[in-house]
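Taking it in order: structure first as structure tokens, then the write-up.
Labels below follow one simple rule: chain letters A, B, ... track the order of the sequence lines, proteins then strands, and each chain is numbered from 1.
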Amino acid sequence: MNPFKDLKAVVVTALEDMARDGALPAGLDFERVGVDPPRDAAHGDVATNAAMVLAKPAAMKPRDLAEGLAARLREAAHVQVVEIAGPGFINLRLDPAYWQGCLAGILRAGTSYGRSDLGAGQPVNVEYVSANPTGPLTVAHARGAVVGDAVASVLAAVGYKVTREYYINDAGTQVDVLARSAYLRYREALGETIGEIPSGYYPGEYLKDVGAALAARDGDKWLVTEEEAWLPVVRRFAIDTLMTRVREDLAALGVRQDVFTSEASLVEAGGSDAVVRTLEARDLVYTGTLEPPKGKVLDDWEPRPQMLFRATRFGDDVDRPLRKSDGTWTYFTADMANHLDKYRRGGEVMIDVWGADHGGYVKRMKAAVEALTEGKGHLEVLICQMVKLLRDGEPVKMSKRAGTFVTLREVIDEVGKDVVRFIMLTRKNDAPLEFDLTKVMEQSRDNPVFYVQYAHARARSVLRLAATELPDLDQAPAALATVPLARLTDSTELGLIKHLSLWPRLLEGAAEAYEPHRVAFYLYDLAAAFHGLWTKGKDEARLRFLVADDAEVTAARLALVQGTALVIAAGLSIFGVEPVEEMR
RNA sequence: GCGCCCGUAGCUCAACUGGAUAGAGCACCGGCCUUCUAAGCCGGAUGUUGCAGGUUCAAGUCCUGCCGGGCGCGCCA
């Protein structure tokens, strides 16, 4: 059920008929032919650019081509008016019966309306969050979490087989710093005065819990041992504790990932070595010395020969180091192992959601995927820009260095997970986002979460009232598909159906572009259309949803209300947001 | 210095992968509640899409060069 796809088929069929009749050259590619809702409703219900994009390959004048196509489209079912406009657009207006039929189709499809098999079951791996387990999640992490989760849901809805993945960065020097920081808190928990946290350590208060928990478990046994004895134990303990907390935070946000891959175990299992061997076999590894970056002062720079990956062969700016001077692998090497692992587990298509501070890392990872998969794997990276947390328009003070930052958990506790999720999706991922804790709780049109929820609540409210007044009417979507929908004739009613008819097309577009925010804007527009119809019924009694002496029109309108509620709920469920039954 | 991202109405942002006269909200003005939620709706103004070129029937969208902002730039992750 996809009205605009059906309309495209109508146009393509007409073009094929023309080719068969000799009105068009044979073998034209209709790929670029668009059949879209026009920006301006005055242009009709649907517009196609077919005459313009085919004019050149067909060696015809756009106007002539348009005349021929328009003549055939006039014969198509439900086509009321066909006009040629501007440089060669063909505008179609469809009769009310077409749109009434669409509503019936939407209701028959029910909750599966909008879903499709576009992806044809192709596997896609979406990796997101992947935060270091060195502290609680923040609002910045939340954006990546929600965007990744929504991209995954959008792709799943259009038929891809999606794996949601988290890569745990539990190896390297940062987790050693974590361990030493936690050890300080452990000593503190056992009564020592540790004073100010030295620089280079994680100062966050949250590590007090970790230290105390370790003291409770192991007593004072690590106080007297050397670092090499306690470090692996404390590190493991701290990582496990913090990862548990990360998972709890994600659960509170409604994010549940399928696969958690540990960098440490990947390296331990020889993943990095395997990556280097693979690259060596393809002659993509050499020992060389990198130039210092120009225009940037590096006081401790000294030229050093190191093991390098020929990333420049795959479009990167410089070749990239694989091994640190202490002999261990770089983060990059381990992450290559991660991506090779994902690829082998069955994902030619991989999507990574990263923070803005990793933007400089995109080219090398794409280069690595191309090299490791011999061009068969494809990596797409979505960069999430900053989240500016505000309260009443004023920035909320945060400093990671001083350990004073607002955690995701605090924000969820304050405004609720649904608000966090929706707001995080009201911007393109690569645009900065303002998150005003005051504004998102406002009940006004300025707050999209409220506005969309209100529309759904109003729709449900009508259906509740109808259930008591018309107990014999079956409100199930499939049942409402059979009522006399021809009674829906007002332009506002038909306009609302047209909005609903866009949903499958919009969802596919959001999936192909990896842009879940489109769903948020769609829902906002749909809510506006519904609120408009609602109020029109207040002004003109004949347009009220429930008309006491006309059971038919009431049933038809309830079908429209049900369809609207259905689509809003479907959109919100893509976002992992619960549609509300009533506003409080 | 180099690379990536961004630049649209006074403010916050859209613009359906190149379509028609660039649209919403906020703010400002004026209307609409004995009736399904007025937490809403209707009407009113606002633009050299940072600048300059180029490609195209068609450019906010693609290409080149500038200007402005953000992020990043060997052995952190």
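When heavy atoms are screened at a 4.0 angstrom cut-off, A:P37 is found touching base atoms of the nucleic acid. No engagement by A:A541 is indicated, since no non-hydrogen atom pair under 4.0 Å with the nucleic acid exists. Using a 4.0 Å heavy-atom criterion, one finds that A:G359 contacts no nucleic acid atom at all.
One atom, CZ of A:R323, and another, C1' of B:rC76, lie 18 Å apart when rounded to the nearest Å. Protein atom NZ of A:K363 is 7 Å distant from nucleotide atom P of B:rG3, rounded to whole Å. Distance CG (A:D36) to P (B:rA15): 15 Å, rounded to an integer number of Å.
Atom name P, nucleotides B:rG60 and B:rU21: the rounded distance is 10 Å, in whole Å. Rounded to whole Å, the C1' atom of B:rU17 lies 8 Å from the corresponding atom of B:rU61. Taking atom C1' on both nucleotides, B:rG50 is separated from B:rU37 by 45 Å, rounded to a whole Å. Between B:rG7 and B:rC16, the two P atoms lie 13 Å apart (nearest whole Å). Straight-line distance between the P atoms of B:rC51 and B:rU8: roughly 10 Å, to the nearest whole Å.
Glycosidic conformation of B:rC11: anti, with the torsion beyond 90° of 0.
A centroid separation of 6.0 Å or more is found between the aromatic rings of A:F530 and A:H499.
Each of A:E515 and A:D430 has a nearest nucleotide on RNA chain B; the 5'-most of these lies closest to A:D430. Positionally, the nearest nucleotide of RNA chain B for A:T426 lies more toward the 5' end than for the other of A:T426 and A:P321.
Ring geometry for A:Y331 against A:Y167 counts as tilted: the plane angle lies between 30° and 60°, on a 0 to 90° scale. Note: A:F314 and A:F309 have parallel aromatic rings, judged against thresholds of 30 and 60 degrees for the angle between ring planes.
Put simply, A:W534 does not rest on the base of B:rG40: the two rings are not both less than 5.5 Å apart at their centres and under 30° in tilt. Here A:H531 does not count as stacked on B:rG40, because the ring centres are not under 5.5 angstrom apart with planes under 30°.
In A:E268, the CD atom is not crowded: 12 or fewer heavy atoms of neighbouring residues, nucleotides or ligands sit closer than 6.0 Å.
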